[in-house]
Every structure is written in structure tokens, then in C-alpha cells.
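Below is one structure; the comments refer to it alone.
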Amino acid sequence: MIEFDLLRGLAIVVILLGHSVVNSNHGFPVWLENLVRGGTGVFVFISGFFFHRIFYKRFEYKDFMVKKAQNVFLPFLCVSLVGLLVGLAGSMLIDGSTWQVAVGRGWEQVKNGYVLFPHWYIPFIMLTFLCSPLHMHYIRLQTSAQVATLLVFSLVAIFMHRPLGNVDPLQSLVYFTPFYLLGMLYSQYLPWFRQYYRYLFALSLLALVATVWLQSEVWVHLGNYHKAPFKYGGIDLQFIQKMGLCIVLIGLCERLTWQKISDHLCMLANLSFAIFFLHPLLALAWGNGHYYLVKHGYLGEHQTVLASLGLSLLLFLFLLYGTVLLINVLKPLLGDKSRMIIGC
């Protein structure tokens with residue numbers, strides 16, 4: 001399944017693009033931001049695909065959860081501790097806060113369930129893994145029941161939206177479950193999806209373009225949709241767009257013929273979890289450095305479209321390849337404990 005290895009690499013690129021937007025709502029193009037934000041759904045779709053493809057036939061719940069705790073939750077704790085220490089140091093050195101104030105800020109972060117912003121994903125995905133017996137039951141349902149379940153969960157997600165601040169893992173579980181279910185179905189019925197892919201691709205591309213246009217030009221909304229779970233907030237166009245994006249990206253990966261790009265994406269795929277875990281540390285360093293330079297008058301705010309795109313590209317390259325470099329430095333130092341500490 002080379003296309004899914006490529007998709008893993010492409011998914012981490014999409015996620016980092018979403019985390020590299022500079023001057024949001026003040027120079028960065030709205031339609032482009034709406035396109036690159038919310039790439040988590042693609043990651044969840046891939047997880048669902050590999051759950052069926054790899055674990056279904058030899059599933060053993062205890063072993064599955066032990067491995068996920070070692071390879072997902074433990075690196076989350078290790079990197080979060082480093083992020084907390086970096087945040088405390090930045091608060092005292094840049095803001096001049098006392099250690100009591102800095103610790104108080106750190107505690108406010110910890111209470112949210114994560115320290116580094118993208119890491120809200122880990123408590124949610126661990127809940128998803130805990131639900132694996134339900135996913136096993138879903139795979140064994142009749143096709144009509146599987147499709148009906150997917151549609152019901154999708155309808156709920158469209159109107160429920162993502163949680164405020166991404167601090168509610170249970171709401172995230174309900175919201176992202178359709179991506180996981182679709183990934184499992186794509187693996188289970190792979191011959192059918194391949195047979196009708198051209199029609200699915202056209203429909204998905206149409207949905208992607210239409211929702212980006214509607215979100216950017218008609219029902220103007222910037223980025224992801226967040227709200228309390230039972231408060232009405234309209235239709236989550238990002239959900240529809242990212243479901244379509246999952247199908248579109250598969251087609252791009254299947255038709256990718258440039259070997260150097262394929263090899264590069266495979267390299268990123270192999271490092272994808274470590275890139276996810278570690279890139280927030282570089283984002284934190286970038287943010288603290290930028291804040292220091294602006295605060296002391298060394299750098300002005302540039303909010304033109306060109307400046308926003310240029311800085312965003314620079315930040316993306318810094319996050320992606322700076323993290324790859326960091327991984328290549330840390331892995332030899334950590335040895336056989338590398339996977340449990342940084343995720344690869």
C-alpha cells in the first residue's frame with residue numbers, strides 16, 4: 001500500500017502547513033488558510049485504515065493498548081515535560097515573570113490536558129484506541145449498517161463541531177470518529193473503492209472546492225469550527241472539506257510518479273509521529289523569538305499578503321526540516337529508547 005505510506009508523509013506536511021500560518025486574518029489569504037487548517041482529519045483517516053489493514057486479523061486488546069501507551073502516550077508525556085520547562089523558562093526570561101507566575105501559567109496549560117497545542121490530539125486518539133472493541137464490532141457489521149453508522153456520526157459531527165480550545169477529548173472523539181470509520185471502510189472494501197475511485201475523486205474534489213468557497217466567500221468563517229457540543233453553530237464546512245480531502249489526496253499519491261518526491265514522502269512518513277511530537281517545540285522557540293524581537297523593537301509587524309505568505313513558508317520549512325534535523329540528532333543519542341521518548 002505504497003499510496004498510504006505516501007499519504008502518511010503528505011498528511012504530516014498538511015498538518016505543519018496548518019500550523020505555519022502567519023498573520024491569520026491580517027494578510028494571509030482566507031481561502032488558503034481554510035484549505036490548510038484542520039489536517040488532523042486526514043491523520044485520523046489513515047489511523048482507521050491501518051487499524052483494519054494491520055490489526056484486525058490479529059487483534060488482541062491488551063497488547064494493542066500496551067503498544068499504544070508505549071509508542072504514543074509515553075512520548076506525549078516526555079515531550080510535554082520538555083515543552084513545559086521551555087515555557088517556564090520563556091515566561092521568566094522574556095516576560096520577566098516570577099517563578100510563581102510562570103508555574104501558575106504552566107499549571108493552566110496542564111489542566112487543559114496538554115502542554116503543547118497540537119498535542120490535544122493524543123488524549124483524543126488514546127480514547128479512540130480504547131474504543132477498539134467497538135471498531136472491531138463495526139467492521140463485522142453488514143455493509144448497510146456500516147454506511148448508516150458512518151452517516152449518523154458524520155451528521156452529528158457536522159453540527160457538533162470541534163471542542164473549544166480542543167480541550168474536550170470526548171467531543172473530539174465523536175467529531176473525528178467518522179474519519180476513523182471511513183479509513184476502516186476504505187481498507188475493508190479497497191477493491192470497490194478502487195473500482196469507483198474516479199467518481200469518488202470527482203465528487204470529493206467538488207465538495208472540497210465548494211466548501212472552501214462557501215466558507216471563505218459566502219458564510220465567512222476562518223479556520224476550524226469550535227463550539228460547545230450542544231450549542232447550535234451552523235454547518236461545519238471544514239468537516240465536509242477534509243472528508244473530501246482524504247479521498248483527493250489518495251488519488252494524488254497513487255499517481256505520484258516522481259521518484260524523488262515519493263522517497264521524500266516515505267522518509268517523512270517514517271518520521272511522522274516524531275515530527276508531530278517535536279515540531280511544537282520548534283514552534284514555541286519561533287514564537288518566543290518573534291515575540292522577543294517585536295517586544296524590543298527589533299522587528300516590526302508585516303501584514304501584507306506577500307509578507308504573510310513568505311513568513312509562513314519560512315516557518316513551515318523551519319518546523320518541518322528543523323524537526324527532521326532534531327530527530328536525526330536525538331535518535332542516535334536515545335538509542336533503543338528513542339521510540340518511547342520521541343515517537344520513532
**Item:** Contact check, side chains of Ile122 and Phe277, non-hydrogen atoms, under 4.5 Å
**Value:** yes
**Message:** Set out, in order, the CA-CA distance, both residues' side-chain angles and the distance that settles side-chain hydrogen bond (donor to acceptor under 3.5 Å, both in side chains) for Asn224 and Arg37, then state yes or no.
**Reply:** CA-CA 7 Å; Asn224 299 314; Arg37 293 288 194 189; over 6 Å; no
**Pair Tyr189, Gln146: side-chain N/O donor-acceptor within cut-off below 3.5 Å** = yes
**Prompt:** Salt bridge or not for Lys260 and Asp263, using N-O below 4.0 Å?
**Reply:** no
**Prompt:** Taking the six-membered ring for Trp, are the ring centroids of Phe76 and Phe73 within less than 6.0 Å of each other?
**Reply:** yes
**Item:** Side chain to side chain, Thr40 and Tyr121, heavy atoms closer than 4.5 Å
**Value:** yes
**Prompt:** Out of curiosity, Asp236 CG to Met160 CE, how far, rounded to the nearest 0.5 Å?
**Reply:** 9.5 Å
**Message:** Classify the ring geometry of Phe201 against Tyr197: parallel below 30°, tilted from 30° to 60°, perpendicular beyond 60°.
**Reply:** tilted
**Message:** So if I apply the ring-ring contact (aromatic ring centres under 6.0 Å, His included) rule between Phe239 and each of Tyr225, Phe159, Tyr175, which one comes out positive?
**Reply:** Tyr175
**Message:** Whether Arg194 and Glu3 form a salt bridge (side-chain N of Lys/Arg under 4.0 Å from carboxylate O of Asp/Glu) is what I want to check.
**Reply:** yes
**Asked** Could you give the distance from CE (Met184) to CG (Leu150), rounded to the nearest 0.5 Å?
**Response** 9.5 Å
**Request:** List the atom of Pro123, the atom of Gly113, and the distance in Å for their closest heavy-atom pair.
**Result:** CG-O, 3.7 Å
**Request:** For the pair Cys266 and Leu6, evaluate side chain to side chain contact (heavy atoms under 4.5 Å, CB included) and give the outcome as yes or no after the intermediate values.
**Result:** CA-CA 6 Å; Cys266 285; Leu6 298 178; 3.7 Å; yes
**Request:** Test Phe59 against Phe51 for ring pair (Phe, Tyr, Trp, His ring centres under 6.0 Å), laying out the working first.
**Result:** CA-CA 9 Å; Phe59 182 75; Phe51 176 78; 5.7 Å; yes
**Complete:** Residue set satisfying ring-ring contact (aromatic ring centres under 6.0 Å, His included) with Phe153, at least two apart, ordered chain then number -> none
**Item:** Aromatic centroids of Tyr56 and His135 separated by under 6.0 Å
**Value:** no
**Message:** Is it the case that the side chains of His279 and His19 hold a donor-acceptor pair, with the cut-off being a distance below 3.5 Å and no angle test?
**Reply:** yes
**Prompt:** Would Val209 end up clustered with Leu237 when hydrophobic side chains under 4.5 Å apart are linked, directly or stepwise?
**Reply:** yes
**Request:** For Phe316, enumerate each residue passing the ring-ring contact (aromatic ring centres under 6.0 Å, His included) test, keeping only those at least two apart in sequence or located in another chain.
**Result:** none
**Item:** Any Cys344 side-chain heavy atom under 4.5 Å of Ile327 side chain
**Value:** yes
**Request:** Please tell me if the side chains of Leu320 and Leu268 come closer than 4.5 Å, counting only heavy atoms from C-beta onward.
**Result:** yes
**Geometric class of the Phe4/Phe50 ring pair [parallel <30°, tilted 30-60°, perpendicular >60°]** = perpendicular
**Asked** Looking at NE2 of His26 and CG of Asn23, how far apart are the two atoms once the value is rounded to the nearest 0.5 Å?
**Response** 8.0 Å
**Prompt:** Relative to the ring of Tyr186, is the ring of Phe45 parallel (under 30°), tilted (30 to 60°) or perpendicular (over 60°)?
**Reply:** perpendicular
**With sequence neighbours excluded, residues passing ring-ring contact (aromatic ring centres under 6.0 Å, His included) with Tyr61** = none
**Request:** Check whether any side-chain heavy atom of Leu265 lies under 4.5 Å from a side-chain heavy atom of Leu7, and answer yes or no.
**Result:** no
**Message:** Suppose we call two aromatic rings close when their centres sit under 6.0 Å apart. Are Tyr321 and His264 close by that rule?
**Reply:** yes
